[in-house]
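A short write-up of the structure that comes next.
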Amino acid sequence: MNTIFRYALLRLRGQIIGWGVALAVLAFVVASLYDTALQMRGQLEQLLDTMPPEIMMFVGGIDRIFSPAGFLDTRYFSMLPLILGVFAVLVGSGLVVGDEENGTLDLILAHPVRRLDLLIGRWLAFCAALLGILALAWLGLIIATTFTSIKFSGIDMALPFVSLFGILIWFGGLALLLSLILPSRRLAASLTGLILAASYFITAFALISPNLNGLAQWSPLTYYQGGSAMEGFNTGDFVGLLLISIVFVTIGLWLFQRRDIRIAGEGGWHLPFLSRKSRAA
């Protein structure tokens, strides 16, 4: 398993550096704007007063916009689940099925490699890659805030990234599970991405319309804490996301150990009524 983990992590090193540096630069740019926003608070408040009340409910009010945690939340952390979710969905859906569709998975399993070791090793490499990306983003935020009036400890600024890690492995685990159920990685990634986008908008609109609160309880992003984690971290929400992701991976492992490996290409639905139609055609 150690060899599988190291090799899978090496395959992701370029993405770790690319995503991590990009998010670090974004964090640096956003944090550097905070003092400018404070200096222009009077003008900005006049502009915000013209906004519909629903918009102000969405961002949490004027005071939250100009607080350090609220500013980072609305300008930076609120976007990260969608931005980095792309990475989680694509990598999660291709952990094993990517090689299967390329025609190399059967060659890998022809060696004395257990399916359990292969999937768990690659999953751990995926988690390590996420931690590497988030560590670089956190470092960029730490460096940026040293030049601003934002004063949080390094541990406090790490908490939103911890919550983000829980969300990303949730969607990564779902993408992995769906890739082992659906006929192709493409469909699994598309469906997981659709769920991610739907969760984002349901959670956002629930802040405006209380009628969506019941639906929002089933939305994973409702339990993403963002910048609010710097003011108080909810351990229960984070542990809940971790446990559900473990369930996804466990079911995926069970399916992977019992499925026939394709030589190459995408699979079929394996549904009886579709098979009859295809034979008739």
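- Atoms CZ and CD, on Arg185 and Glu100 in that order, are 12.0 Å from each other to the nearest 0.5 Å.
- Taking 4.5 Å as the limit, some side-chain heavy atom of Leu119 sits within range of a side-chain heavy atom of Leu176.
- Atom CD1 of Ile120 sits about 10.5 Å away from atom CD1 of Ile4, to the nearest 0.5 Å.
- Taking the side chain as every heavy atom from C-beta outward, Leu109 and Arg114 never approach each other to under 4.5 Å.
- Residues Phe248 and Trp170 place their aromatic rings such that the two centres sit under 6.0 Å apart.
- Between the side chain of Thr222 and the backbone N or O of Ala216 there is at least one donor-acceptor pair closer than 3.5 Å.
- In this structure, the side chains of Trp254 and Arg259 stay at 4.5 Å or more apart for every pair of heavy atoms.
- Distance alone, capped at 3.5 Å, places no donor-acceptor pair between the Tyr7 side chain and the Asn2 backbone.
- Under the side-chain contact (heavy atoms from CB on, under 4.5 Å) test applied with Val86, the options Leu82, Leu90, Val89 reduce to a single match, Leu90.
- A side-chain donor-acceptor contact under 3.5 Å links Asn234 to the backbone of Gly236.
- When hydrophobic clusters are built by joining Ile, Leu, Val, Met, Phe, Trp and Tyr residues whose side-chain heavy atoms come closer than 4.5 Å, directly or via intermediates, Leu191 is grouped together with Leu255.
- Between Ser199 and Ser219, the side chains place a donor N or O and an acceptor N or O closer than 3.5 Å (distance only, hydrogens not considered).
- At distances below 3.5 Å, at least one donor-acceptor pair connects side-chain atoms of Asp73 with backbone N or O atoms of Gly227.
- For the atom pair Ile195 CD1 and Leu178 CG, the distance stands at 6.0 Å (nearest 0.5 Å).
- From Asp106, atom CG reaches atom OG1 of Thr104 across 7.5 Å, with rounding to the nearest 0.5 Å.
- With Arg13 contributing its side chain and Leu10 its backbone, the two residues share a donor-acceptor pair below 3.5 Å.
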Below 3.5 Å, can you tabulate the donor-acceptor pairs from side chains in residues 153-165 to any protein atom, sequence neighbours excluded?
from   : atom 1 : to     : atom 2 : distance (Å)
Ser153 : OG     : Asp156 : N      : 3.2
Ser153 : OG     : Asp156 : OD2    : 3.1
Ser163 : OG     : Gln225 : N      : 3.0

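- Annotation: side chain of Phe238 is not in contact with side chain of Ile167 (no heavy-atom distance under 4.5 Å).
- Side-chain heavy atoms closer than 4.5 Å link hydrophobic residues (I, L, V, M, F, W, Y) into clusters, and following such links, even through other members, never connects Phe147 to Val25.
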Are Arg11 and Asp99 close enough, and set up right, to give a salt bridge (Lys or Arg N to Asp or Glu O under 4.0 Å), and what steps lead you there?
CA-CA 13 Å; Arg11 291 173 62 181; Asp99 285 341; 3.6 Å; yes
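- Side-chain N or O atoms of Arg122 include one that pairs as donor or acceptor with a backbone N or O of Leu95 at under 3.5 Å.
- When hydrophobic clusters are built by joining Ile, Leu, Val, Met, Phe, Trp and Tyr residues whose side-chain heavy atoms come closer than 4.5 Å, directly or via intermediates, Leu136 is not grouped with Ile133.
- A distance of 4.0 Å separates CD1 in Ile150 from OG1 in Thr148, rounded to the nearest 0.5 Å.
- Taking hydrophobic clusters as Ile, Leu, Val, Met, Phe, Trp and Tyr residues chained together by side-chain heavy-atom distances below 4.5 Å, Leu84 does not share a cluster with Val21.
- Relative ring orientation between Phe201 and Phe205 is described as parallel, the plane-to-plane angle staying below 30° on a 0-90° scale split at 30° and 60°.
- Between atom CG of residue Leu215 and atom CD1 of residue Ile202 there is a gap of 4.0 Å, rounded to the nearest 0.5 Å.
- A donor-acceptor contact shorter than 3.5 Å links the side chain of Arg115 to the backbone of Phe256.
- Panel note: side chain Thr146, backbone Ile143; a donor-acceptor pair is recorded below 3.5 Å.
- With Tyr76 contributing its side chain and Leu23 its backbone, the two residues share a donor-acceptor pair below 3.5 Å.
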